[in-house]
Amino acid sequence: MFSNSLRQQLANTTRRAAASAARSASTSTTNFQGSSLWKNFRLVAGASTVATVCYYLGALYPPEFAHLLAPRTAPPPIHPDDPAALVHIAELEEELNHLPILEAHRARENKDLWYEARPYLNLPEERRVNSLTAGTLKGPGKLALPPLVRSRHDATENWIFIHVGRALCGHEGVVHGGLLATLLDESLARVALLNLPEKVGVTANLNINYKAPTLAHQFIVIKVKLDEAQGRKARVSGTIEDMTGKVLVEANALFIQPRYAKLLNSTAVRHMLGEPSQSREPITPGTVAPVPVTLPGGAQTLVDSKNP
């Protein structure tokens, strides 16, 4: 009988231990499942928050490669006769004259070695209408402003500030490479021609290296320097840079003066290039100094009134 009682106690103890173990296992499983679900919820919530923030930041401040992969279609350029065009041009002129890089260049210690010109404004209207850059491509969304030239009096270096609009693109949002080649050809030519005996020359070759996409609707600066001038030949080189100093295009060229150049009127060419008088007299509007000229939109600039 004692033996039966002992066996029963052992059985009861075993059942209680098993029940306790089962309850413990059930509680642990429930706690584990709850902890796992909370952890997964936090991960999903965190990932969703990061994705949302990245999406809105990307929409507001898209990186350059995003512009190239998924460009946004720009609105068409303003019609030249639209009153809004005059406002647009005046705003660009104001922005141009307050570009930090231009203001810094005007304030350089050697500023007396430089002069400023707007050569396109010296081009007669009958010639301007048939000019690609001064006529055909002139207007809002294209070349809205006549280029502003900062040039050394010794004709060895030029800085040319140009605004390129959205209507000058090949790939959406990126200025056409052929247009950049045209701007480089004209900018390089200005330095080259002023270093040729008769101030007349033609492009013999033009070598271009495109370093980065040139985004539309921005100011660019074309920096040109004389490499060599010998007889009827002038070699020049230059770059196109954005307003942060990033090099977008590099180029070099050879210009040659034709043998018939002596028969041409070089004074008219120099006038159209915007070369000023060599006089060092104090600036007085209307004499050897620039005179105010009103641009479309009401903005004013200065044009040299007397050329050699």
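Please read these numbers as outputs of a predicted model, since none were measured by experiment.
- Put simply, the side chain of Asn158 never gets that close to the backbone of Ile160: no donor and acceptor are under 3.5 Å apart.
- Residues meeting the salt bridge (Lys or Arg N to Asp or Glu O under 4.0 Å) test with Lys225, sequence neighbours left out: Asp227.
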Next item on the list: Start with the C-alpha distance between Leu168 and Lys142, add both sets of side-chain angles, then the distance that settles side chain to side chain contact (heavy atoms under 4.5 Å, CB included), and finish with yes or no.
Entry: CA-CA 6 Å; Leu168 301 175; Lys142 296 178 280 187; 3.9 Å; yes
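- Of all non-hydrogen atoms in Leu206 and Ala253, the two that sit nearest each other are CD1-CB, 3.8 Å.
- Grouping the Ile, Leu, Val, Met, Phe, Trp and Tyr side chains by contacts below 4.5 angstrom, directly or via other members, places Leu145 with Leu102.
- Both tests pass for Arg108 against the ring of Trp159: distance under 6.0 Å to the centre and angle within 45° of the axis.
- Smallest separation of non-hydrogen atoms from Ala216 and Gly165: CB-O, 3.5 Å.
- Partner of Leu184 under the side chain to side chain contact (heavy atoms under 4.5 Å, CB included) criterion, chosen from Leu179, Val224, Val249: Val249.
- Under the 4.5 Å side-chain contact rule for hydrophobic residues, Val191 and Leu180 share a cluster.
- Not a single donor-acceptor pair under 3.5 Å links the side chain of Thr156 to the backbone N or O of Arg152.
- Between the side chain of Tyr210 and the backbone N or O of Gly177 there is at least one donor-acceptor pair closer than 3.5 Å.
- In summary, Lys246 and Glu241 do not engage in a salt bridge, as defined by a charged side-chain N under 4.0 Å from a carboxylate O.
- The distance between the ring centers of His163 and His217 falls below 6.0 angstrom.
- Here the closest non-hydrogen pair linking Leu183 and Ile162 is CD2-CD1, 4.3 Å.
- Side chains of Thr214 and Ile220 form a contact here, defined as non-hydrogen atoms less than 4.5 Å apart.
- Proximity of Pro80 to Lys138: side-chain heavy atoms (C-beta onward) are nowhere separated by under 4.5 Å.
- Linking ILVMFWY side-chain heavy atoms closer than 4.5 Å, directly or via other members, places Leu137 and Ile78 in two distinct hydrophobic clusters.
- Hydrophobic clustering places Leu132 together with Leu188 (ILVMFWY residues linked when any side-chain heavy atoms are closer than 4.5 Å, directly or through intermediates).
- What you find for Leu96 and Arg118 is that their closest heavy atoms are CD2-NH2, 3.9 Å.
- One hydrophobic cluster, built from ILVMFWY side chains closer than 4.5 Å, cannot hold both Tyr120 and Phe161; they sit in different ones.
- In terms of modelled atom types and a separation under 3.5 Å, the side chain of Glu172 and the main chain of Cys169 share no donor-acceptor contact.
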Margin query: Between Glu250 and Ser237, does the side chain to side chain contact (heavy atoms under 4.5 Å, CB included) criterion hold? Intermediate values first, please.
Written below: CA-CA 8 Å; Glu250 295 177 340; Ser237 58; over 6 Å; no
Margin query: Is there a side chain to side chain contact (heavy atoms under 4.5 Å, CB included) between Glu95 and Phe219? Walk through the geometry before answering.
Written below: CA-CA 9 Å; Glu95 183 181 350; Phe219 281 97; 3.6 Å; yes
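- The main-chain N or O of Thr203 is never found under 3.5 Å from a side-chain atom of Asp185 such that the two would form a donor-acceptor pair.
- To the nearest 0.5 Å, atoms CG (Leu215) and CZ (Arg166) are separated by 10.5 Å.
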Next item on the list: Step by step, work out the side chain to side chain contact (heavy atoms under 4.5 Å, CB included) result for Leu123 and Ser131.
Entry: CA-CA 9 Å; Leu123 196 63; Ser131 168; 4.1 Å; yes
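- The local environment of CD in Glu126 is crowded, with over 12 non-hydrogen atoms from other residues, nucleotides or ligands closer than 6.0 Å.
- If you check the side chains of Glu186 and Thr133, you find a donor sitting under 3.5 Å from an acceptor.
- Salt bridge annotation for Glu103-Lys111: absent, with no cationic side-chain nitrogen under 4.0 angstrom from a carboxylate oxygen.
- Between Arg106 and Glu116, at least one side-chain N (NZ, or NE/NH1/NH2) sits under 4.0 Å from a carboxylate O, which counts as a salt bridge.
- Not a single donor-acceptor pair under 3.5 Å links the side chain of Arg235 to the backbone N or O of Leu254.
- Within the 4.5 Å cutoff, the side chain of Leu92 has heavy atoms near those of the His88 side chain.
- Closest non-hydrogen pair, Leu196 versus Ile256, comes out as CD1-C, 4.4 Å.
- In terms of heavy-atom proximity, Met243 sits nearest to Leu99 at SD-CD1, 3.8 Å.
- The environment of Lys233 atom NZ is sparse: at most 12 non-hydrogen atoms of other residues, nucleotides or ligands sit within 6.0 angstrom.
- When atom types are taken as modelled, the side chain of Lys223 and the backbone of Thr239 share no donor-acceptor pair closer than 3.5 angstrom.
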